[in-house]
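Note on naming: letters A, B, ... go to the chains in the order of the sequence lines (proteins, then strands), and numbering restarts at 1 for each one.
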Protein chains: 2
Amino acid sequence: MQSKPTTIKEIARILNISPSSVSRGLHDHPSIGAVTREKIKQLAKSLNYEPNNAAILFQKGKTYTIGVILPELSEHFFSIAISAIEDEAIKKNYTVIFAQSHDNYEQEVKLVEKMKNQRVDGLLVSISKDTSKFDHFEKLNSFNIPVVFFDRIPPFKNVHYVACSLESATIKAVNYLLKKGHRSIGMINGPNTLYASEERKEGYMQAINFNRLKFDPTLVLNCDLTEQGTIEAAEQFLNHKRKPTAIVAFNDYVALFLIKYFKKLNVIHDFDIVSYANLPIISYLDNSPVASVEQYPYLQGQKAANILLDLIHSPNSEKQAYYNTIVESDLIVNEVKE
Amino acid sequence: MQSKPTTIKEIARILNISPSSVSRGLHDHPSIGAVTREKIKQLAKSLNYEPNNAAILFQKGKTYTIGVILPELSEHFFSIAISAIEDEAIKKNYTVIFAQSHDNYEQEVKLVEKMKNQRVDGLLVSISKDTSKFDHFEKLNSFNIPVVFFDRIPPFKNVHYVACSLESATIKAVNYLLKKGHRSIGMINGPNTLYASEERKEGYMQAINFNRLKFDPTLVLNCDLTEQGTIEAAEQFLNHKRKPTAIVAFNDYVALFLIKYFKKLNVIHDFDIVSYANLPIISYLDNSPVASVEQYPYLQGQKAANILLDLIHSPNSEKQAYYNTIVESDLIVNEVKE
DNA sequence: AAAAACAACGCAAACGTTTGATTAATTTTG
DNA sequence: CAAAATTAATCAAACGTTTGCGTTGTTTTT
């Protein structure tokens, strides 16, 4: 049983026909007669013939493989997204290979290189936090490997991408809080270097302006997203001259730290918290956020994968148009607790 | 820029030497002179030469790829495990391809087939819930593709596997509860068909016996792991003649349902709950389990990957010994809440 | 001065499959 | 019945790289 796998050549030799006929027979090519075809198929089956993929890929110059590069697979958002990607890929008979950049620019560059060497048919990327140069992706053009960015996308339009509009989501969130009667709304934002921070702030401002309120810049704080940073931001809010009654947290972790801290100080009931969903069971918390911005990772992954497969199958002449897909995010209001 | 990628042949043609020399030159083969070598390398660089992986793989009959098949990537446990697998693989310059069985036996069979066709160098598998036949893995033997199972492993020893001993973990858990003074301890177990259920029950019984207590079979309930099923089990405990004061839950979901239900009934403080960790932030819950069985998914993934890479590199003569690795699980006692 | 060693490179086969062009045999058509 | 069309199969090249074995010259050893 440790013999070499059966090859087309062997089948051909045994049947005393040419390898090309065997190949064609197995593929139901019309130029092979029914009798020969059946003989071929039978022998193939009885010999446990399995096509050598490596050879086929090499021959066809196609790998039927798509690569996925993302920062951290164990983050809930990404694990859902890549799960969707795999689901879509397998439907079209593609295989998924992936690698994690661990939010490291150099690693990302290496991985892009590696994916290129693997000759993936296409690449899905969610860029790392400290990526600000994008040359490493341009090389892929000359290899005709299409790239679709998702969720964490570069700050320009002339690429394919799928992402959530956190701006409009934030508008919804702030509007919701305003409608609930809040007049001083704080925001714990991420570092200014992040595009995601920009979007959140922009949405916040838009909502405030739209409701003809005055924007108070001291109510939007930057935070390094650690527990300590969150506590510092919370402190500032507690001592604020217009102490906010609601807080928009950058993500569920920040919300978690915030809730923990406020509960310790016994002031948790003074605040309504809204967050951006990235932890599964946060709604099970006792004082969970009153609402969450849902970013539909499964849908994003699905769309990104389908766009990529589209690009792979479309002639490379159609290079003019870029898919810029925005997945609408929704504000999920948590059920009122009994 | 849409020209075909540079090949060794082309470099050879330009330099008027043979392809074999180019290949050797690029690999620093001693039989190529320093001058020629440098000329080759320079031209290669300036022409943006990238080795065609498909060709190399084909010619070497190795793919430097390991396949991973698991039930559901978006489950926290698996996302951590595969994250570890990728980390290990990339250290050894291997690529990871993966696919999800979605806990479906037929799908699993198909995927094994597919992985085989992809000629992965090795396979890591966490089997699906409704897998009870294992022939599909045996085929891999004839292709010399080693398999290492992890976490969800087949019920026999003559395979390579890495898993957690849930039995010893359960002993620890029950012992802990006994030491805390509990004398009636309930267990919400999974379906009897699961090996994991068997292990938990076995551990429970061992701990009880070891402490010279009497085992009461009505305190170990089977459950379909849904919320409804959990509630039904909870009801039984509440009406039990020896109403338990502590409950061992099959996993964090069950614990979650249980906590929710008990809180609704306002009896949450009557119970100490122990669970098997599979949700990240459960310890942030207000009435979180007093202890959790940690199964170290990262470590499991890491070990499984390393064993597989070992098997790949070791001569296939060493087929006698099987790696049966048990990762000790620990009981993590949650901090006392202030 | 002959033999041996070595350095630097080329030849050609091989890996397994696909595919355009070709051939040979048979059948259909005008 | 000759010419055209159809059927069934073969040939050979190609995909890009690696590698065992030869083949040159040149240098070193006896």
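Comparing atom distances between the S18(B) side chain and each of dA8(C), dT17(D), dG10(C) picks out dG10(C) as nearest. If you check dT17(C), dG10(C), dA14(C) against the side chain of Q59(B), the one that comes closest is dA14(C). Taking the side chain of K60(B) as heavy atoms from C-beta on, and the options dA9(D), dT17(D), dT19(D), the nearest nucleotide is dT19(D). Checked against dT18(D), dC11(D), dG10(C), the side chain of H27(B) finds its nearest nucleotide in dT18(D).
With no hydrogens or angles considered, no side-chain donor-acceptor pair links Q107(A) and S128(A) at under 3.5 Å. Checking S83(B) against Q100(A) by side-chain atom types alone, a donor-acceptor pair falls below 3.5 Å. Using a 3.5 Å distance cut-off with no hydrogens or angles, the side chains of D310(B) and Y323(B) do pair a donor with an acceptor.
Atom-to-atom, CD1 of I17(B) to P of dA12(C) comes out at 17 Å; the value is rounded to the nearest Å. Across the protein-nucleic acid pair, E10(B) atom CD and dG16(D) atom P stand 9 Å apart, rounded to whole Å. If you measure from atom CD1 of I32(B) to atom C1' of dT19(D), you get 12 Å, rounded to the nearest angstrom. Remark: P of dT7(D) and CZ of R37(A) are 13 Å apart, rounded to the nearest angstrom. In this entry the distance linking OH of Y64(A) with P of dT18(C) reads 11 Å, nearest Å. Computed from coordinates, the K39(A) NZ to dA8(D) C1' distance equals 12 Å when rounded to whole Å. Taking atom OH of Y49(B) as the reference point, atom C1' of dT18(D) lies 11 Å away to the nearest angstrom. dA14(C) atom C1' lies 16 Å from atom CG of L57(B), rounded to whole Å.
Residues P19(B) and I8(B) share a closest heavy-atom pair of O-CG2, 3.6 Å.
Stacking between F58(A) and dC15(D) is shown: the ring centroid lies under 5.5 Å from the centre of the six-membered base ring, and the planes differ by under 30°.
Residue contacts for G61(A): at a heavy-atom cut-off of 4.0 Å it reaches no nucleic acid atom on any strand shown.
OP1 or OP2 of dA9(D) lies within a sub-4.0 Å distance of a side-chain N or O belonging to T36(A). Phosphate contact (OP1/OP2 of dT18(D), side-chain N/O of S23(B), threshold under 4.0 Å): present. Contact annotation: K9(A) side-chain N/O to dC15(C) OP1/OP2 distance is under 4.0 Å. In this structure, S21(B) reaches the dG10(C) phosphate: one of its side-chain N or O atoms is under 4.0 Å from OP1 or OP2.
Side-chain atoms of S20(B) and base atoms of dC11(C) include a donor and an acceptor less than 3.5 Å apart. Put simply, the side chain of R24(A) and the base of dG20(C) share a donor and an acceptor less than 3.5 Å apart.
Screening I153(B), L311(B), T325(B) for a side-chain contact (heavy atoms from CB on, under 4.5 Å) with H160(B), the sole residue that qualifies is L311(B).
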